[in-house]
Amino acid sequence: MAKLGNYEYPEIELTASLEVARRISKDFAGEVSRTGLARSLGMAERGGAFASRLTALRLWGISTGRSRIRLTPDGLKASGPSSPDESEPARRALAESVPLFVELGNRIGWDSYGAGQLAVLVEEITGAKRDEVERRLATLDRVFSEVRQLLAGDRVSARPAGGEVRAVGVQAERVSVEQSGDYGRSAAVAVEETVSAVAPTDGRIEVKLPNGCLSLPETVENLDLALTVLLARRKSVADQMARTGSAV
């Protein structure tokens with residue numbers, strides 16, 4: 001179990017944990033014995049790797065139980081959503097199940113950060129000793145950085161012009177955010193032109209919005225980031241249209 005001070009955190013990423021949850025949902029209708037899950041994953045029931053996966057499922061709020069593993073409502077929605085509208089809030093709720101990550105997300109926001117800054121923040125939040133933090137920092141950063149965009153939520157649209165969004169990890173490539181001017185259009189045109197997303201053959205994701213764009217390497221984590229940006233934009237347009245009858 002990974003723990004710093006009084007703060008527990010998962011050592012397995014949310015995406016990887018949801019892959020296990022999908023198997024529990026698809027193959028076992030959302031509930032399976034510990035022994036059966038280990039056999040299904042081809043892992044030793046008493047092994048450390050399997051224990052880490054079970055602990056991650058619990059800490060993310062994906063499952064409950066010890067001898068029998070049961071998916072939570074958010075675990076079911078995030079691992080087998082009926083629509084994107086159901087998936088994103090469930091994934092955000094799971095990310096918020098880890099208090100340490102919530103604290104880090106509040107302190108860092110969308111600003112870029114380095115390993116030294118992260119280490120200091122973790123020390124301050126957890127009260128753990130520096131050498132202990134440094135031993136665990138790479139794993140903690142890897143797992144935290146994957147859900148960082150979920151913790152930021154609607155703050156995606158608040159990035160200043162010319163700013164940078166740090167996509168994944170201390171060493172990850174930074175993503176330029178280019179702001180365009182106002183776009184006062186009719187509601188129909190604004191909704192039609194809200195998003196344009198392509199994954200070019202050079203392995204990069206390009207997401208274009210009326211008020212900015214993202215350009216980042218094509219990875220599973222960055223695809224999740226792009227989806228979060230698009231869903232945040234969708235909510236913004238829907239809220240504006242509900243208030244005024246037209247998009248921003």
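- Inter-residue side-chain proximity for Leu18 and Arg91 is flagged as met; some heavy-atom pair is nearer than 4.5 Å.
- Taking CG of Leu4 as the start and OH of Tyr9 as the end, the distance is 4.5 Å to the nearest 0.5 Å.
- Residue Ala44 comes nearest to Phe50 through the heavy atom pair O-CB, 3.4 Å, listed as atom of the first residue, atom of the second, then distance.
- Remark: the backbone N or O of Glu19 is not paired with any side-chain donor or acceptor of Arg23 at under 3.5 angstrom.
- Side-chain contact between Ile69 and Arg58: absent, with no pair of heavy atoms (C-beta onward) separated by less than 4.5 Å.
- Looking only at side-chain heavy atoms (C-beta outward), Leu37 and Arg53 stay at 4.5 Å or farther from each other.
- For the residue pair Ser52 and Glu11, the shortest heavy atom distance occurs at OG-OE1, 4.0 Å.
- Under the 4.5 Å side-chain heavy-atom criterion for ILVMFWY residues, a single connected hydrophobic cluster contains both Met43 and Phe28.
- Lys3 contributes atom NZ, which lies 12.5 Å from atom CG of Leu100 (distance to the nearest 0.5 angstrom).
- Ion pairing between Glu88 and Arg92 holds under the 4.0 Å rule for side-chain N and carboxylate O.
- With hydrogens and angles ignored, the 3.5 Å screen pairs a side-chain donor or acceptor of Thr72 with a backbone N or O of Ile62.
- The pair Arg70-Glu31 meets the salt-bridge criterion, since a charged nitrogen lies less than 4.0 angstrom from a carboxylate oxygen.
- Every pair passing ring-ring contact (aromatic ring centres under 6.0 Å, His included) that includes a residue from residues 55-76 is listed here, sequence neighbours excluded: Trp60-Phe101.
- The two atoms that bring Ala16 and Ile12 nearest to each other are CB-CG2, 3.7 Å, heavy atoms only.
- Using a distance-only test at 3.5 Å, with no hydrogens or angles considered, no donor-acceptor pair links the side chain of Arg135 to the main chain of Arg130.
- For the pair Ser79 and Leu71, the minimum side-chain heavy-atom distance is below 4.5 Å.
- Other residues, nucleotides and ligands contribute at most 12 non-hydrogen atoms within 6.0 Å of the CZ atom of Arg39.
- Leu57 and Val32 fall within a single hydrophobic cluster, where Ile, Leu, Val, Met, Phe, Trp and Tyr are joined by side-chain heavy atoms under 4.5 Å apart, directly or via other members.
- Atom CG of Leu118 sits about 6.0 Å away from atom CG of Leu104, to the nearest 0.5 Å.
- Between the Ser25 side chain and the Ala21 main chain, no donor and acceptor come within less than 3.5 Å of each other.
- The environment of CG in Asp131 is crowded: more than 12 heavy-atom neighbours from other residues, nucleotides or ligands sit within 6.0 Å.
- Looking at Ser40, its side chain never comes within 3.5 Å of a backbone N or O of Gly36 through a donor-acceptor pair.
- Interatomic distance, Glu132 CD to Glu123 CD, rounded to the nearest 0.5 Å: 10.5 Å.
- Contact check for Val98 versus Val143: no side-chain heavy atoms found under the 4.5 Å cut-off.
- Closest non-hydrogen pair, Gly80 versus Glu86, comes out as O-OE1, 4.4 Å.
- Criterion: ILVMFWY side-chain heavy atoms under 4.5 Å apart, direct or through other members. Under it, Tyr7 and Val102 are part of a common hydrophobic cluster.
- Counting only distance, with no hydrogens or angles, the side chain of Glu146 and the backbone of Thr15 share a donor-acceptor pair below 3.5 Å.
- Between Leu76 and Gly30, the shortest heavy-atom contact is CD2-CA, 4.5 Å.
- Following chains of ILVMFWY side-chain contacts shorter than 4.5 Å, one can reach Val20 starting from Leu54, so the two form part of one hydrophobic cluster.
- Nearest heavy-atom pair across Val147 and Ala95 is CB-CB, 3.9 Å.
- Atoms CD and OG, on Glu13 and Ser145 in that order, are 8.0 Å from each other to the nearest 0.5 Å.
- In this structure, the side chains of Tyr113 and Arg107 stay at 4.5 Å or more apart for every pair of heavy atoms.
- Residues Phe144 and Leu151 meet the side-chain proximity criterion, which asks for heavy atoms closer than 4.5 Å.
- If you take CZ on Arg142 and CG on Leu137, they are separated by 11.5 Å, rounding to the nearest 0.5 Å.
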